[in-house]
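Everything on this sheet refers to the single structure shown next.
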2 protein chains.
Amino acid sequence: MRYKVAVIQNDITRDKTNNLSHISELIISASERADIIVLPEMFNCPYNGKTFIKYAEEFPGETCNLLERLAKEKQCLIIGGSIPELEGVAIYNTTYVYGPMGFVAKYRKMYLFDVDIIGQITFKESDYVKAGNDIVVFEYENLKIGLSICYDIRFPELARALVDQGAQVIVVPAAFNTTTGPIHWALTARGRAVDNQVYYIMASPARSESLSYKAYGHSMIVSPWGEVLSEGGIEETIIYGEVDTEYISKIRKELPLLQHRKQR
Amino acid sequence: MRYKVAVIQNDITRDKTNNLSHISELIISASERADIIVLPEMFNCPYNGKTFIKYAEEFPGETCNLLERLAKEKQCLIIGGSIPELEGVAIYNTTYVYGPMGFVAKYRKMYLFDVDIIGQITFKESDYVKAGNDIVVFEYENLKIGLSICYDIRFPELARALVDQGAQVIVVPAAFNTTTGPIHWALTARGRAVDNQVYYIMASPARSESLSYKAYGHSMIVSPWGEVLSEGGIEETIIYGEVDTEYISKIRKELPLLQHRKQR
């Protein structure tokens, strides 16, 4: 089976209404060529811990309603990057997924981005966001898709857990930065794809000159052999590619890494 | 602490006596600039399952005796790639390590290379070699070194097990081939180094036109940030680099991946 995939690397502003109407146009455009549409992390707001609360929504809020309507209208799967989800007093960094029949899945980021790279980047996501606990793999037209968000990709154990639940594709809405992006973004996606013999779909926002957080960009689709099938630059773009489940089977048979694993 | 490392990428022939006298010269040369000397997988024989038995040694055989003598004479640590080890009727793919005081450690390859990439490479190591069961991390002058051999590097669980036992450096004698080498060799070493915040030292034989197995070459030293510090080509060479434990500590503090792990 083959699936056509689009990754939207959108420009983000501080104006949520504007972000939603803009992403709506991009989704409509992508739906002309793709069945599966992937959005980046925090696609409806700037990636800034202090202001997440301003953009946060209780489920189902206006962003979810928009994704649901578009998935039905365009008869496609929308993996809605992530948005700040409000539940009680907690904010989560959450992916919502909608298909032609409505709600499909949600996933809350498990590993929070708390780093302090001297002279480069300091970010403490856990000051603003609560970590999720649930591993999520869902099925869409016989394709098993696992979810991770950004810093989650750093942890091989999570990729293994997704593969143990049958994932053939791992989708990673993310906003790497300009310090770790150039050296770790493609490396980690490609390495994880090869280790786990799955496609990796990496979705970043476009880099913005006006926002404080500089996203790395370079959204990409990576094959289970580690090839970069499609890659964006730093500006707004939609990239396209294909997921081929027969290719996954071929790789898993020829180089039987998953079969050769040992219990530890 | 800083440690000077040399990786020997040697030419291998079918003549074991010749291989041993040649590696001896290379070790003596490397010992002039390095305290830790790393040799490649099956450095005393061709990488050919059918003929391992011809070159195999019961411990301690002539290869081990040579490494022991040189480590004492040159006052260095020699991580002896691997050789076919004979025990009873079984052959193992085994690393022996010697230091100035004699025997330090041995490690038997755990994951055997059984692949069948159509039209490219077919190899079934398990027809000839028995797998080891023991994870090995040893200490040398306050530096903790974990061992893996070639295909072992494919498995993130093993790297984690080595790091859990304190490894700061993972040494990988290996003989990747010309199919997987170009796309997976540096990728896997660099990705694993970043995930586990350790140095990776990858030692390959030189490529030989006269032997049937074409080794990829490209021995390399990789930093815990994923930088390639030093890299060979396909011909015989000795590459040099440095392991800096303060740099490991800096990386682990700034990007605290090992601290952020969760139990699975």
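All values below were derived from every heavy atom in this structure, side-chain atoms included, with hydrogens, water molecules and symmetry-related copies excluded.
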- request: Kindly indicate whether a cation-pi arrangement holds for K262(B) with Y111(A), taking the cut-offs as under 6.0 Å to the six-membered ring centre and within 45° of the axis.
  value: yes

Gap separating the NZ atom of K253(B) from the CD1 atom of I118(A), nearest 0.5 angstrom: 5.5 Å

task: Mind telling me whether H260(A) and Y151(B) have parallel, tilted or perpendicular rings, with 30° and 60° as the class edges?
output: perpendicular

task: Give, for atom CD1 of I117(B) and atom NZ of K250(A), the distance between the pair rounded to the nearest 0.5 Å.
output: 8.5 Å

- line: Greatest number of non-hydrogen atom pairs under 4.5 angstrom with chain B, of Q120(A), E227(A), R192(A), falls to R192(A)

message: If I measure from the heavy atoms of chain B, does Q259(A) come under 4.5 Å with its side chain, its backbone, both, or neither?
response: neither

task: Sort by residue number and list every member of residues 213-225 of chain B having a non-hydrogen atom under 4.5 Å from chain A.
output: W225(B)

statement: Scored by heavy-atom pairs under 4.5 Å with chain A, the best of P256(B), G226(B), A159(B) is P256(B)

- prompt: Can you tell me if CG on D127(B) sees more than 12 non-hydrogen neighbours from other groups inside 6.0 Å?
  reply: yes

query: Using non-hydrogen atoms and a limit below 4.5 Å, what part of residues 183-190 of chain A faces chain B?
result: I183(A), H184(A), L187(A), R190(A)

- request: Sort I121(A) into side chain, backbone, both or neither according to what part of it lies under 4.5 angstrom from a heavy atom of chain B.
  value: neither

- request: Please examine the side chains of R154(A) and V194(B), heavy atoms only from C-beta on, and report whether any two atoms are closer than 4.5 Å.
  value: yes

Structural part of D114(A) lying under 4.5 Å from a heavy atom of chain B: both

task: Hey, could you give me the CG/OG1 distance between L255(A) and T179(B), rounded to the nearest 0.5 Å?
output: 10.5 Å

